[in-house]
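Take a look at the structure set out below.
In this chain, residues are counted from 1 in sequence order.
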Amino acid sequence: MNSPPDLAHGPTDSPCADGTPMVRFAEVTKRYGPLTVLDRLDLDIAANEKVAIIGPSGSGKTTVLRMLMTLETIDGGVIEVNGEPLTHMRRGQVLVPADAAHLRRMRAQVGMVFQQFNLFPHMSALKNCMQAPMTVLGLGADEARERAGELLRMVGLGDKLDHYPAQLSGGQQQRVAIARALAMRPRVMLFDEVTSALDPELCGEVLNVIRELGQAHDLTMLMVTHQMGFAREFADRVCFFDQGRIAEQGPAQAFFENPQSERTRQFLRAVMDAV
């Protein structure tokens, strides 16, 4: 990965200088009909912390990310990003549902990379990374092009700027998707099983980009993953979700070396045996 461009928002708005969590879930509940997917979730994530979220299918992992992107509504509790309610806004001492302007401003602080690459097939890699900064942030074409080019070079695709998605490998497409998310200069980056659609030989190149991104930039990062080795190496903290709650969490090395609950040990054995 090439030398990284500056992803900072600016010297006057450094996040969470007072120790406020960058992301906070306070008694957040999510239901689909009679099914409770998240059950009064409490979770604080510090600025610049790297958190791996693991757990069985249906445990609520991806729902956490989708709620942060406002792709899912919540049925109870409050989510905050950088000290502000995400889906609500303060009106005096009362929280009311957020209006469109508030949601746009809050969404701009969060970027997400999905399992599927979701690139525009009719746009080059460069234009895929230019589109949102121009339409959402109002950047001019020259500035958006410069930013997109820097980010694509950062993820090792400086020679693929004019290539279309169909001309790129799966790993290359996922790296374009990472650059595209970074082009919005988010404070929080979310990764949802970003290697699950890739052949095993291509997983490494994407994980290397994420690893180097985390080392080079002050970004808060949440990753839902089944890559236990990468979670152990990359994450500051691992959260194990089971039945809509955090069953166990802790520093990555201690979590994997000495899990405290039998349910966690059972899950880790099953995942390791499947490798």
Side-chain angles (χ1 to χ4, degrees), residues 1-7 50 52-53 61-62 65-66 68-69 71 107-108 110-137 139-186 188-217 219 221-231 233-234 275:
M1 191 164 74
N2 297 339
S3 297
D6 183 11
L7 300 182
K50 280 62 175 173
I53 298 175
K61 308 184 302 295
T62 293
L65 303 191
R66 290 180 62 82
L68 275 171
M69 283 295 293
L71 297 173
R107 282 192 196 110
V110 184
M112 184 164 175
V113 183
F114 298 85
Q115 295 180 35
Q116 303 297 328
F117 321 124
N118 296 332
L119 300 177
F120 295 115
H122 62 289
M123 291 184 182
S124 66
L126 188 70
K127 289 187 176 178
N128 261 284
C129 295
M130 291 172 58
Q131 184 70 21
M134 291 174 63
T135 58
V136 179
L137 301 182
L139 264 62
D142 289 344
E143 185 178 357
R145 184 177 296 107
E146 180 180 1
R147 181 183 296 188
E150 286 181 349
L151 289 166
L152 287 166
R153 286 187 286 273
M154 186 188 77
V155 299
L157 295 175
D159 59 341
K160 307 291 185 184
L161 303 187
D162 297 322
H163 284 55
Y164 289 83
Q167 298 172 301
L168 301 173
S169 70
Q172 290 169 337
Q173 290 185 60
Q174 193 60 290
R175 283 188 276 158
V176 173
I178 293 171
R180 180 181 60 182
L182 290 171
M184 296 294 288
R185 293 191 174 169
V188 181
M189 278 288 288
L190 312 176
F191 301 90
D192 183 21
E193 294 285 9
V194 294
T195 60
S196 65
L198 301 177
D199 293 335
E201 62 192 289
L202 299 177
C203 291
E205 67 184 58
V206 173
L207 294 178
N208 281 336
V209 166
I210 297 171
R211 180 184 295 112
E212 293 179 28
L213 180 66
Q215 293 169 349
H217 295 289
L219 279 170
M221 302 171 77
L222 282 74
M223 171 180 285
V224 170
T225 184
H226 282 104
Q227 300 278 346
M228 296 298 112
F230 183 73
E233 171 202 344
F234 173 79
V275 174

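Under the 4.5 Å side-chain criterion, counting only non-hydrogen atoms from C-beta, Leu213 is in contact with Phe191. At a threshold of 4.5 Å between non-hydrogen side-chain atoms, the residues Leu137 and Arg185 do not count as touching. When side chains are defined from C-beta on, Arg153 counts as touching Leu161, because their heavy atoms get closer than 4.5 Å. Counting only heavy atoms from C-beta outward, the side chains of Leu202 and Gln174 never approach each other to under 4.5 Å. The side-chain heavy atoms of Gln172 and His163, taken from C-beta on, include no pair separated by under 4.5 Å. Inter-residue side-chain proximity for Cys129 and Leu152 is flagged as met; some heavy-atom pair is nearer than 4.5 Å. Using a 4.5 Å heavy-atom cutoff, the side chains of Phe114 and Leu65 are not in contact. The shortest distance between side-chain heavy atoms of Phe230 and Ile210 falls below 4.5 Å.
The side chain to side chain contact (heavy atoms under 4.5 Å, CB included) search around Gln116 returns Asn118, Ala197, not counting sequence neighbours.
Nearest heavy-atom pair, Pro165 versus Asn128, reported as atom, atom and distance to 0.1 Å: CG-ND2, 4.2 Å. Nearest heavy-atom pair, Pro121 versus Tyr164, reported as atom, atom and distance to 0.1 Å: O-CD2, 3.7 Å. Across every non-hydrogen atom of Arg147 and Ala183, the tightest pair is NH1-O, 2.7 Å. Among all heavy-atom pairs drawn from Leu168 and Gln173, the shortest one is O-NE2, 3.3 Å. Annotation for Asp162 and Gln167: closest pair O-OE1, 4.3 Å, computed over non-hydrogen atoms. Here the shortest heavy-atom pairing between Met184 and Pro133 reads SD-N, 3.7 Å.
Listed by first and then second residue, the salt bridge (Lys or Arg N to Asp or Glu O under 4.0 Å) pairs involving residues 170-183 are Arg175-Glu205 (not counting sequence neighbours).
Taking CZ from Arg107 and CE from Met112, the interatomic distance works out to 13.5 Å, rounded to the nearest 0.5 Å. In this structure, CG on Leu222 lies 13.5 Å from NZ on Lys61, to the nearest 0.5 angstrom. Between atom CE of residue Met189 and atom CG of residue Leu182 there is a gap of 4.0 Å, rounded to the nearest 0.5 Å. With values rounded to the nearest 0.5 angstrom, Leu157 atom CG is found 9.5 Å from Ile178 atom CD1. Atoms CD and CG, from Glu146 and Leu139 in turn, are 10.0 Å apart once rounded to the nearest 0.5 Å. Here the straight-line distance linking atom CE of Met223 with atom CG of Leu190 works out to 10.5 Å at 0.5 Å rounding.
Formation of a donor-acceptor pair under 3.5 Å by the Lys50 side chain with backbone atoms of Leu219 is found in this model. Gln115 contributes no side-chain N or O that, together with a main-chain N or O of Glu193, makes up a donor-acceptor pair within less than 3.5 Å. Ser124 places a side-chain N or O within 3.5 Å of a backbone atom of Lys127 that can act as its donor or acceptor partner. Between the side chain of Glu143 and the backbone N or O of Gly140, no donor-acceptor pair lies under 3.5 Å.
Ring geometry for His122 against Phe120 counts as perpendicular: the plane angle is over 60°, on a 0 to 90° scale with 30° as the lower cut.
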